[in-house]
Structures are given as structure tokens and as C-alpha cells.
Student: 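Supplied in C-alpha cells, the structure appears directly below.
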Protein chains: 2
Amino acid sequence: MTHTGFAQTASLIGDPSRAAMLLQLMDGRALPAGELARRARISPQTASAHLGKLVAGGLLALETHGRHRYYRLRGPEVAQALEGLLILSPPGPVRSLRESEERKALRFARTCYDHLAGRVGVRLAEQLTHRGWLTRLDAPSAAGKWELTPAGEEALAAFGLDIPALRRSRRSFARPCLDWMERRHHLAGALGAALTARLFELGWLRRHPSSRAVILTEAGRTGLHDAFGVSPDTDENGRES
Amino acid sequence: MTHTGFAQTASLIGDPSRAAMLLQLMDGRALPAGELARRARISPQTASAHLGKLVAGGLLALETHGRHRYYRLRGPEVAQALEGLLILSPPGPVRSLRESEERKALRFARTCYDHLAGRVGVRLAEQLTHRGWLTRLDAPSAAGKWELTPAGEEALAAFGLDIPALRRSRRSFARPCLDWMERRHHLAGALGAALTARLFELGWLRRHPSSRAVILTEAGRTGLHDAFGVSPDTDENGRES
DNA sequence: CAGTTATTTCCACTACGATCGAAGTATGCC
DNA sequence: GGCATACTTCGATCGTAGTGGAAATAACTG
């Protein structure tokens with residue numbers, strides 16, 4: 001076994017300060033160094049050293065804007081590897097009402113790298129499939145890929161997405177992403193990201209200022225129901241939850 | 001974020017000696033402590049300390065047989081998390097002919113936790129689907145699951161698998177597993193494990209003594225071709241490779 | 001230009017953890 | 001019982017990596 005990088009990558013993630021920063025970036029945003037230092041509760045010098053290592057290790061990408069240096073996860077594989085580790089790690093005990101509320105919000109709707117996850121994300125993917133707009137591909141060479149039907153293509157184009165442009169992107173067009181809390185799949189890939197971006201643009205979703213959770217606005221609640229038949233407040237049996 | 005275990009789990013994997021032992025167990029086998037120490041090139045005392053931490057951290061399960069203590073990965077989630085990290089880690093440079101041969105063998109056929117991966121595994125999954133024996137489920141609530149068709153159930157029962165018993169197992173019955181070298185899916189879950197076990201039982205596959213690679217025997221080559229239409233020596237365009 | 005802010009580099013200090021020798025416990029074998 | 005084997009616990013050593021203070025660099029601001 002010559003996977004020299006394997007242990008190195010894991011130990012890179014294994015430092016508490018670095019792990020905290022990586023988790024802050026799980027939603028695919030880019031944050032400046034100072035902000036990451038503040039959130040991880042370490043000094044800027046220390047954060048700088050850590051961020052340098054994370055970039056060198058291929059986990060983060062760096063984008064410089066003036067005197068600010070924005071760091072983001074280098075790609076979806078990084079987010080997926082982190083998710084894999086999250087599944088293994090027992091969620092810490094809830095220590096306050098504040099935390100319990102936050103966890104509930106995360107479970108309801110959050111961003112996963114750059115697409116929508118949580119109950120809302122899962123329901124949306126379900127409804128797209130249920131309406132015959134999205135299908136799993138059957139060709140064995142396309143395993144793990146999703147595809148839009150002609151009807152779905154039309155519907156999402158009408159919703160404001162530039163489907164041909166998305167197909168030209170180098171990313172996988174549409175693929176399932178396992179949700180570690182709901183244990184169901186939601187929509188990832190270029191399509192998932194674009195759809196999520198459109199929901200923010202319409203004001204249907206709003207970012208929570210300090211967590212990965214996203215807020216479903218009133219407009220979003222009615223909009224998602226009318227456009228996609230999504231009712232995230234009831235569980236699969238129709239009961240309120 | 002209260003994922004206290006997150007960084008801890010990653011740093012558990014991040015130690016080179018522990019990483020080496022974990023990689024040795026990626027195929028789902030159980031190995032005794034001394035053997036793991038030997039393979040990781042560390043003293044038995046050191047290995048003992050590491051193994052204790054891995055068990056405490058929930059990554060390994062321990063089974064005692066007489067004076068031997070066998071360690072194995074605690075479950076498929078662990079294998080999946082490790083795969084996620086493997087994808088991020090660049091394969092080390094090939095330093096010898098020996099290594100190049102081993103890498104070729106790994107790419108051709110290997111075990112991934114307890115099911116078959118590599119080109120042979122991918123081709124087998126493809127052929128099962130192509131023959132209409134295995135399908136992706138369309139119901140949104142069953143995302144990420146595969147299912148046997150009635151024809152497939154009959155065929156695999158005739159091949160010696162006890163399908164009803166597999167359905168009763170607590171594991172997921174059949175699911176896709178992404179192959180990090182082929183970038184395609186192969187068959188995992190209870191069905192994938194049972195099918196793989198049957199291939200070993202028939203002598204179609206043989207374990208390589210010192211690596212995760214498995215050897216496709218002559219009997220296996222003809223058997224897989226006759227029973228499932230698998231021809232792993234040609235690439236998807238039919239060329240020899 | 002000076003002054004402020006974002007970030008990095010340099011540099012000790014410190015602490016934690018990997019390592020192995022030595023000794024201890026448990027199992028199996030004759 | 002006696003002896004070898006498999007593994008663990010204890011204890012001491014040693015290196016390495018995280019940490020923040022001080023100072024340098026670089027960009028924006030007026």
C-alpha cells in the first residue's frame with residue numbers, strides 16, 4: 001500500500017482547530033482567514049499556519065480579493081470525505097436549548113457544500129422524481145447518476161435554470177448525495193447547486209448568519225409547495241412534526 | 001457545531017501506524033493483533049495501544065478467539081469513510097515493478113470491505129443490470145438502493161444464494177458502492193457480500209496472500225463469462241487491455 | 001503620505017502522543 | 001505442572017506539532 005497521503009490527509013483533518021474551520025466551510029462558502037480564526041477561536045497567526053497546511057494538503061482552495069484571502073473547500077470530494085467522517089462521529093450531547101434549536105434547524109434545511117440538504121432538500125428531490133422530472137439512469141456505465149426527463153428539463157428551464165449551460169460544466173450534472181441525518185438522498189451536482197442558488201435568488205431560502213442551517217421563508221414555503229409540491233412540515237405519513 | 005467526535009475520529013485515522021492497520025482491514029477481514037503489528041512494522045506493544053484506541057473510538061470491533069484477538073472494521077460506514085479519504089489522497093508514486101504489478105492487480109479485482117470491487121466487480125454489476133436482473137429503485141424513499149428483479153432472484157438463487165435469508169439481514173439488501181479507481185459503481189450490501197462469498201466458495205476467486213487484491217482463477221474466468229457474461233479482459237469498447 | 005486593517009512570517013515555549021524495553025497476564029500445548 | 005506464545009500494561013524517552021507574542025508585509029482609506 002503506497003497511499004502516503006492517506007494518513008497525512010486524515011491527520012490534517014484531525015486537528016481540532018482545523019476540523020472546526022473545515023466544518024465551517026462545509027456549506028461550500030468561502031470565508032476569509034480572520035473570520036475562520038474567529039469562528040475556530042484561535043489567533044490569526046495560528047489560523048494562518050493551519051490554512052496554509054490545508055491548502056498544501058489539497059483540502060482548501062485559496063482566492064485572494066484585495067487584502068482578504070478567502071478559503072473554500074477545494075471540491076465536492078472534500079465535502080464528501082468530511083461527510084463520511086461525520087457519519088462515524090456521534091453527535092455531541094445537546095448542552096443547551098440554543099443547541100437543540102440549532103440542531104432542529106439543521107435537520108430541517110441546510111446547505112451541503114453547495115446544494116440543499118436536510119428535510120427540505122430530501123423532499124424536493126423526492127417530488128422531482130415523483131413528478132417524473134428526475135430519474136435514476138439505468139445504464140450501468142452511468143451508475144450513480146441522475147438525469148432530467150424532457151418534462152423536467154422544460155419545467156426547470158421555466159423555473160429559471162439554464163440547463164444547457166449546466167450540462168457544459170465540468171462537474172457531474174446531477175447525482176444523489178446521501179443525507180447523514182435523514183438517511184435519504186438529495187440532489188447534488190451542477191443541477192443541485194444551480195437549483196439551490198435559484199432558491200436563494202428568489203428569496204425562498206435565506207442563509208442563517210452563523211450556521212450551515214438555511215431558513216425557509218414564507219415565500220419559499222408557498223413557492224416550493226406550488227412549484228414542486230413540497231410540504232416539508234409533515235412527515236411521510238402526512239402527520240405534523 | 002458540537003461534533004466533538006469529528007476531529008477525534010479523523011486524528012485517530014491520521015496516525016501513520018493506525019492508518020496502515022486500517023488499510024489492511026479495508027477488505028473486511030479480521031486479523032489478529034500480532035499480524036497487524038507486523039504489517040504496520042511496529043512493535044506489538046505499540047500496536048496494542050493503537051488498537052485499543054481504535055476500538056474505543058468505534059472504528060474497530062474486537063473478537064477474542066482463545067489467546068488471539070481479532071480486529072475488524074466495525075462496519076460498512078467505517079469502510080466508506082476510509083474510501084472517502086482515499087479518494088482525496090493522491091496515490092503515491094510507483095517506486096518499483098513490484099508495486100506497479102500490485103497496483104494493476106488491485107485495479108483488476110479486489111475486495112472492498114466484504115464485496116467485490118475493481119474492474120471485475122464493476123463489470124459484474126453492469127452485466128447483472130444489463131440482463132435485467134438488477135435494477136435501481138425509482139421510489140424516492142428508496143434512493144440509493146438497488147433491487148433484484150424476479151428473474152434476477154431466480155437466477156441468483158440457482159447460483160446458490162439464499163435470497164430470503166439475505167433480505168432478513170439487518171444490513172441494506174443491495175446498494176451501489178462507488179469505485180474510487182474505476183469511477184463506476186459496483187454491488188455492495190448483503191447481496192454483494194453474499195455473491196462475493198459464493199465466488200470464493202466456488203474457487204472462482206482466490207485471496208491474494210498479502211494484499212486486498214483478489215485473483216480471478218481460470219475457473220472463475222470461464223465461470224463468470226458463462227454465468228453472467230462478464231469479460232473483464234476487454235475494455236468497454238471490446239479492445240484488449 | 002500616514003494610519004488602519006488583514007494576513008503572514010519568525011520564534012520560542014509547551015504539551016501531547018508515538019515509541020519500545022521490561023515486566024505482567026492469559027491461553028494453549030505437551 | 002512447565003514452557004512457549006499472544007497480547008497487554010507500565011514507565012521513560014523523545015520528537016513533533018499546536019500555540020500565540022512580536023514584528024514584517026501588503027492592501028485599502030483619507
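Throughout, protein chains are lettered first and strands after them, A, B, ... in sequence-line order, and every chain is numbered starting at 1. Every heavy atom of this structure was used, including side-chain atoms; hydrogens, water molecules and symmetry mates were not.
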Student: Check whether NZ of the Lys or CZ of the Arg B/Arg119 lies under 6.0 Å from the centre of the six-membered ring of B/Phe108 and within 45 degrees of that ring's axis.
Tutor: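 Judged by the rule, B/Arg119 and B/Phe108 form no cation-pi pair.
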
Student: Both A/His65 and A/Ser43 contact DNA chain D. Which one's nearest nucleotide lies toward the 5' end?
Tutor: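 In this pair, the answer is A/Ser43.
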
Student: With the side chain of A/Ser48 defined as its heavy atoms from C-beta on, choose the nearest nucleotide among C/dA18, C/dT9, D/dC7.
Tutor: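 Among C/dA18, C/dT9, D/dC7, the one nearest the side chain of A/Ser48 is C/dT9.
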
Student: With distance as the sole criterion, do the side chain of A/Thr46 and the base of D/dG18 form a donor-acceptor contact below 3.5 Å?
Tutor: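 No.
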
Student: Could you tell me how far apart B/Met21 (CE) and D/dC7 (P) are, to the nearest whole angstrom?
Tutor: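 For the pair B/Met21 CE and D/dC7 P, the rounded distance is 12 Å.
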
Student: Is A/Arg206 close enough and on-axis enough to A/Phe200, meaning under 6.0 Å and within 45°, for cation-pi?
Tutor: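 No.
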
Student: Output the rounded distance in Å from CD (B/Glu35) to P (D/dT5).
Tutor: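 Rounded to the whole Å, the gap is 16 Å.
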
Student: Give the rounded distance in Å between these two atoms: NZ of A/Lys53 and P of C/dT8.
Tutor: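 Distance, rounded to whole Å: 14 Å.
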
Student: Where the side chain of B/Ile42 is defined as all heavy atoms beyond and including C-beta, which of C/dT19, D/dG20, D/dT8 is the nearest nucleotide?
Tutor: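 Closest nucleotide to the B/Ile42 side chain: C/dT19.
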
Student: In whole Å, what is the span from the CG atom of B/Leu12 to the P atom of C/dC16?
Tutor: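 It works out to 17 Å between those atoms.
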
Student: Indicate yes or no: does A/Glu63 engage A/Arg29 in a salt bridge with an N to O separation below 4.0 Å.
Tutor: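 So A/Glu63 does not pair with A/Arg29 through a salt bridge.
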
Student: Compare the minimum distances between each of C/dT7, C/dT19, C/dC20 and the side chain of A/Ala33, then state the nucleotide with the smallest one.
Tutor: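 From the listed options, C/dT7 comes nearest.
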
Student: Just how far, in rounded Å, is P of C/dG17 from CG of A/Asp15?
Tutor: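 After rounding, the reported distance stands at 11 Å.
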
Student: At 4.0 Å (heavy atoms only), tell me whether B/Pro32 reaches a base, stays on the sugar-phosphate, or touches nothing.
Tutor: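 Result for B/Pro32 = sugar-phosphate.
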
Student: Among D/dA22, D/dC7, D/dT19, find the nucleotide with the atom closest to the side chain of B/Arg69.
Tutor: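 Closest nucleotide to the B/Arg69 side chain: D/dC7.
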
Student: Roughly, in whole Å, what's the span from CD in B/Gln45 to P in D/dT5?
Tutor: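 In whole Å, D/dT5 P lies 16 Å from B/Gln45 CD.
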
Student: Where the side chain of B/His68 is defined as all heavy atoms beyond and including C-beta, which of C/dT8, C/dA18, D/dA6 is the nearest nucleotide?
Tutor: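 Of the options given, the side chain of B/His68 lies nearest D/dA6.
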
Student: Taking the six-membered ring for Trp, are A/His185 and A/Trp146 parallel (under 30°), tilted (30 to 60°) or perpendicular (over 60°)?
Tutor: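 Tilted, since the angle between the ring planes falls between 30° and 60°.
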
Student: For the base of D/dT5, is there a side-chain donor-acceptor partner from B/Arg67 under 3.5 Å away?
Tutor: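 Such a pair exists between side chain and base.
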
Student: Please indicate whether A/Glu35 has more than 12 foreign heavy atoms, meaning atoms of other residues, nucleotides or ligands, lying under 6.0 Å from its CD.
Tutor: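 Buried by this count: over 12 neighbours within 6.0 Å.
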
Student: In whole Å, I'd like the distance from the CG atom of A/Leu51 to the P atom of C/dT7.
Tutor: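 One finds 9 Å between P of C/dT7 and CG of A/Leu51, rounded.
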
Student: Once you round it to whole Å, what is the distance between P of C/dA6 and CG of A/Leu31?
Tutor: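 Atom-to-atom, A/Leu31 to C/dA6, this comes out as 14 Å.
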
Student: When you measure from the side chain of A/Arg18, which nucleotide among C/dA18, D/dG20, D/dG18 comes out closest?
Tutor: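 Nearest to the side chain of A/Arg18 among the choices is D/dG18.
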
Student: What's the closest nucleotide to the B/Ser17 side chain, out of D/dG18, C/dA18, C/dC20?
Tutor: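 Among D/dG18, C/dA18, C/dC20, the one nearest the side chain of B/Ser17 is C/dA18.
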
Student: With a non-hydrogen cut-off below 4.0 angstrom, is B/Tyr71 in contact with a base, only sugar-phosphate, or nothing?
Tutor: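 Contact class for B/Tyr71: sugar-phosphate only.
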
